[in-house]
Amino acid sequence: MTAKTKTAEQVAGIGVEQYKYGFVTDIETEKAPRGLNEDTIRFISAKKNEPEWMLEWRLDAYRRWLTLEEPTWAKVHYPRIDFQDLYYYSAPKKKGDGPQSLDDVDPELLDTYKKLGIPLREQEILAGVENPTMAVDAVFDSVSVVTTFKENLSRAGVIFCPISEALQSHPELVRKYLGTVVPVTDNFYATLNAAVFSDGSFVYIPEGVHCPMELSTYFRINEQNTGQFERTLIIADKGAYVSYLEGCTAPQRDENQLHAAVVELIVHDDAEIKYSTVQNWYPGDKDGKGGIYNFVTKRADCRGRNSKVSWTQVETGSAITWKYPSCVLRGDNSQGEFYSIAISNGHQQVDSGTKMIHLGKNTKSRIISKGISAGVSSSTYRGLVSAHRKASGARNYTQCDSLLIGDKCSAHTVPYMETRNMSATFEHEATTSKISDDQLFYCRQRGLNEEEAVALIVNGFCKDVLQHLPMEFAVEAQKLVGISLEGSVG
Amino acid sequence: MTHLTTQGNIKKTAAEKAFPALYDKIAPGLPGGKAVRRLRNKAMEDFKASGLPGRGVEAWKYTNLRQLLTDSYPPAVPAGGGVLMNTDEAASHGAFSTLERATMVFVDGHYRPELSDISAIGDKARIMTLAQALETEDTRALDTLVSAADADPLINLTLAMMRDGAMVSIPDGVRIKTPLHFVHINRTGASCANTTRHIVHVGKGAALKIFQTHAGSENATYFTNTLFIAQIGNEGQLTRVKVQGDSLSAFHFGHLRAELGEKAKLRDFTLNLGGHVVRSEVDVALAGNAADAHVSGAYLLSGKQHCDTSIMMDHQRPGGTSQQQFRGVVDDGAQGIFQGKVRVAPDAQKSDGRQMVRALLLSERASHFAKPELEIFADDVQCAHGATAGELDDEALFFLRARGIPEPRAKALLITGFIGEALDDITDLDIRDRLEELTQNWLDRRSGETS
């Protein structure tokens, strides 16, 4: 079979049916008028009953955004986005005062999450049993519909709630930290997010508290033509620990949808945040039609001594991913880690990586990135490691490997290493290759079919990253790796 | 590197205004007829449109010429006097003066036949100067100039302002043993520019070795801009060893652009020692099947030197192999930069691209920036790169000191070993010895300053 027809078949094999989260929930919604202007922002702010300073903050961001230009440096191609053709706010219509507990939540919504494998109610029921392991904040389009286990958490002093609620209940905390890691002026999409963000999670772990369960947010885009702009703010006070998980899906639609989120992590002395993402937004169909534009700004500020942040991401969805979870290692001895698997298939384009900014003494960072490209997709690792003048003893190890499956895909590596301190030691390694015929042959000989063999080899390739995911996610991620590559070998 | 974007409507800097003004003044005196003039005019128009590369231009990310280059430099007037002073002679021919070779000497950017000697190569090759080629509108020269047109502002400046250079053509099957040495000397010491372009054509199965050295009066501020265009035919081989020892106040822009035919070979080594602001660029197009290129180099920097090495290795056809091996030693407040890219085109299956850059920082104020890049569009490839930065290994130092070796000597040994890794591609031991001597001199000077 010629390479050309083979590839054509491979691509054809990437069926849409493979994206099992592509359904639409039929639910009545309330939207802001289409388009973006100061009134849209006032509308969102009023909906959320926000304090005056918050509205001013948003308007400031909006005015700044008007002066910015869309970045074009990433290795991704897409038609210009018409920002006036989007809905910036869409929420399931509330009955009365909005849900106080799960019983008040629209059953249609609960069903949606059940289908997605996020059994909100079952979890609630199980709550009677001792030691629940995970609390979930479910975000549907622009709003958070429900947060489970709030009670259990508040007994430990942990605040876990939608950020819109935090603005009501803990405005002083939000005001103190919001925008201090990703400033309003940061970049085009972050600025847009600051102007129009509608919801997201807020987490505060008080001093010395080891969060009793995993926290999780599940993002779902449902409505047509909407952008989702969520904002997550997590603060770990001195000596605190939290593990936070994030999952995302969206329905199958022919047009592209925008998701521009901002995540800010603040880590004080001796505290640790572990942030894991399984991103499985709708990637578009076999011709590259539709799918989510995932333009996300994520950054952690290790402010305290001995603080630690670990980003783990499994990126399998989205038509376009533009995402660089970063660590500012400000406190002495602070540590940043980045473990990433980015799988692109079909027409997906991924430009992702991290930034490790070493400012404090003896700061350490570690980057393990595994990119897998199949079909006609392209995958780019773009990363910065920098040591500033005062970052004596800084240490970085970076490894980024790319695996190519099929001869129409591409893989790129664009690392930047900036050393301004002689005692900083940086090491970077990268390789690009395909699955070797020997490996495949070995597996096939032992009775695995080609697809199983590829999944096995790829899982081995990703092992260094998978083992850093929390157990529940690791299993799911492993399956996802297999599913995402379905049809990529022929 | 061609990916330049015009930088919108930014205000022109003094240098950006000065170059076109200077061009208008000197253009009538530059060699070449109407066809050449048209090329020059076009290049200058392009330069005016793009301006100098600034912060917004990715290929020049760490070398902001809008800030670093503040003025234009008028071309040097041909210097009188037939004989160079002895000191000049020794400095300019650098470490290669004792080796058997043919020479082409360019003083302030002008070819000086009375100082040159190409008899060792004799009639085996076709050699003329670029000035001659331009005056006679040599078709090969013109074709090469047209095909090398580029959006890069520095290349446009060489095209607009070029005055002289070497035109060398080695016929098919001719393998020349004696190296040909391009000697560049800045002699006036005044603020002047010398712009040269060399065009070297190596025929099928032919071979040539080239030394390229740059030197100038100490502390003179001048501007050197050289483009070296090499075309290597099928199974041909070109070796170039370049030693850049310009004045520590000079601007040096040196660019090698090589195109390799089937199974052609390129071996290139650059040692950067001099210059205040240096950009050392090598673009290799592996345009024939199974072409093979090794590009390596070392930079030894001190004071306030700024040295940017940018490599582009473009695997266009299947089966190509490439290697990049660079070592940087950065002392005082100097800045070392390495940008290297391996690109594998969609059809270039079975390509093998390797790249390694290691930097050693010797001072609290030194900095190093590395951007080793891979851009892969084919799946059946083996590509790898590595990059490291750090200080001298304490344990290695301790090991040597424990054996009674004094600290400066121990450090020098470690640094020599470190640089040595980049010299491994140089199989000619005589040449390797000379290069080691040069690094040793640099180290001696350095320890002389510190002790």
Side-chain angles (χ1 to χ4, degrees), chain A residues 3 7 69 72-73 75 371 373-374 376 378-390 392-437 488, chain B residues 3 5 8 56 58 61-62 328 330-331 333 335-339 341-394:
Chain A
T7 314
E69 272 179 48
T72 53
W73 43 261
K75 269 196 181 78
S373 323
V376 286
S378 100
S379 164
T380 305
Y381 167 82
R382 188 183 299 276
L384 167 73
V385 179
S386 82
H388 287 251
R389 278 276 177 263
K390 289 180 182 156
S392 296
R395 188 90 178 76
N396 165 267
Y397 174 73
T398 302
Q399 189 188 343
C400 41
D401 298 325
S402 308
L403 196 63
L404 293 154
I405 302 176
D407 60 359
K408 290 285 177 283
C409 55
S410 56
H412 317 297
T413 314
V414 191
Y416 298 81
M417 283 169 66
E418 307 185 349
T419 325
R420 293 182 181 83
N421 186 300
M422 67 184 279
S423 63
T425 310
F426 288 175
E427 284 172 275
H428 172 101
E429 276 181 69
T431 61
T432 304
S433 55
K434 67 167 194 170
I435 295 177
S436 82
D437 293 342
S488 66
Chain B
H3 33 271
T5 50
E58 183 64 23
K61 183 178 169 64
Y62 296 109
V330 192
D331 202 356
Q335 280 192 352
I337 293 134
F338 176 85
Q339 306 188 98
K341 187 170 186 175
V342 178
R343 183 176 179 277
V344 179
D347 294 328
Q349 299 292 0
K350 307 269 178 209
S351 287
D352 187 335
R354 321 248 144 207
Q355 181 189 60
M356 183 75 199
V357 56
R358 296 181 59 194
L360 194 57
L361 273 63
L362 298 179
S363 142
E364 296 280 332
R365 291 171 297 130
S367 12
H368 191 266
F369 307 98
K371 185 187 167 199
E373 218 179 319
L374 298 176
E375 199 177 55
I376 316 286
F377 294 93
D379 65 331
D380 194 2
V381 298
Q382 293 287 334
C383 287
H385 68 204
T388 65
E391 57 185 340
L392 277 175
D393 182 4
D394 272 348

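Below, all heavy atoms of this structure are taken into account, side chains as well, without hydrogens, waters or symmetry copies. Naming convention: chains lettered A, B, ... in sequence-line order (proteins, then strands); numbering from 1 in each chain.
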Colleague: Give, for atom OG1 of A/Thr425 and atom CD of B/Glu391, the distance between the pair rounded to the nearest 0.5 Å.
Modeller: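 Between atom OG1 of A/Thr425 and atom CD of B/Glu391 there are 6.5 Å.
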
Colleague: When only pairs under 4.5 Å are counted, which of B/Gln355, B/Arg358, B/Lys61, B/Gln335 shares the most heavy-atom pairs with chain A?
Modeller: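 With the most close heavy-atom pairs to chain A, the winner is B/Lys61.
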
Colleague: Which atoms of B/Ala366 come close to chain A, meaning under 4.5 Å heavy atom to heavy atom: side chain ones, backbone ones, both, or neither?
Modeller: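 Just the backbone, heavy atoms under 4.5 Å.
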
Colleague: State, with a plain yes or no, whether a side-chain heavy atom of A/Val414 is found less than 4.5 Å away from one of B/Lys371.
Modeller: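 The answer is yes; the side chains approach within 4.5 Å.
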
Colleague: Is there side-chain contact between B/Ser367 and A/Arg389, with at least one heavy-atom pair below 4.5 Å?
Modeller: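 Yes - at least one pair of side-chain heavy atoms lies under 4.5 Å apart.
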
Colleague: From A/Tyr416 OH over to B/Gln339 CD, what is the distance, rounded to the nearest 0.5 angstrom?
Modeller: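 One gets 8.0 Å once the value is rounded to the nearest 0.5 Å.
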
Colleague: Using a 4.5 angstrom heavy-atom cutoff, name the option from B/Thr388, B/Val357, B/Asp347, B/Val330 with the most pairs to chain A.
Modeller: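 Top count of heavy-atom pairs under 4.5 Å with chain A: B/Thr388.
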
Colleague: Using non-hydrogen atoms only, which part of B/Gln349 is less than 4.5 Å away from chain A: side chain, backbone, both, or neither?
Modeller: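 Just the side chain, heavy atoms under 4.5 Å.
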
Colleague: Once rounded to the nearest 0.5 Å, what's the spacing between atom CG of B/Asp379 and atom CG of A/Leu404?
Modeller: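 Going from CG on B/Asp379 over to CG on A/Leu404, the span is 6.0 Å.
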
Colleague: If you count heavy-atom pairs under 4.5 Å with chain A, which of B/Arg354, B/Arg343, B/Glu364 comes out on top?
Modeller: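 The answer is B/Glu364.
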
Colleague: Go through the atoms of B/Leu362 and report whether side chain, backbone, both or neither lie under 4.5 Å from a heavy atom of chain A.
Modeller: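 Contact with chain A: backbone only.
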
Colleague: Taking side chain as everything from C-beta outward and backbone as N, CA, C, O, which of these in B/Phe338 sits under 4.5 Å from a heavy atom of chain A? Side chain, backbone, both or neither.
Modeller: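 Neither part; nothing is under 4.5 Å.
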
Colleague: Hey, what do you get for OG (A/Ser373) to CD1 (B/Ile376), rounding to the nearest 0.5 Å?
Modeller: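 Answer for the OG-CD1 pair, A/Ser373 versus B/Ile376, is 10.5 Å.
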
Colleague: For the candidates A/Ala430, A/Ser410, A/Ser378, which exhibits the highest count of non-hydrogen atom pairs separated by less than 4.5 Å from chain B?
Modeller: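 The candidate making the most pairs under 4.5 Å is A/Ala430.
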
Colleague: Can you tell me how far the OG atom of A/Ser436 sits from the CD atom of B/Gln382, to the nearest 0.5 Å?
Modeller: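 Spacing of OG (A/Ser436) from CD (B/Gln382) equals 9.0 Å.
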
Colleague: Look up atom CE in B/Met356 and atom NE2 in A/His428, then write down how far apart they are to the nearest 0.5 Å.
Modeller: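 Spacing of CE (B/Met356) from NE2 (A/His428) equals 10.0 Å.
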
Colleague: B/Pro372 and A/Pro415: which non-hydrogen atoms are nearest, and at how many Å?
Modeller: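 Reported closest heavy-atom pair: O-CD, 2.6 Å.
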
Colleague: Given that the side chain runs from C-beta out, which part of B/Ala389 has a heavy atom under 4.5 Å from chain A: side chain, backbone, both or neither?
Modeller: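 Interface part for B/Ala389: both.
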
Colleague: Is it true that A/Arg382 and B/Glu58 make a salt bridge, defined as a side-chain N closer than 4.0 Å to a carboxylate O?
Modeller: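 Salt bridge flag = no for B/Glu58 with A/Arg382.
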
Colleague: For the residue pair B/His368 and A/Met417, establish whether any side-chain heavy-atom pair is separated by less than 4.5 Å.
Modeller: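 The answer is no, as the side chains (C-beta and beyond) never meet within the 4.5 Å cut-off.
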
Colleague: Does atom NZ (A/Lys75) have a neighbourhood of more than 12 heavy atoms from anything else shown, all under 6.0 Å?
Modeller: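 For A/Lys75, atom NZ is crowded (more than 12 foreign heavy atoms under 6.0 Å).
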
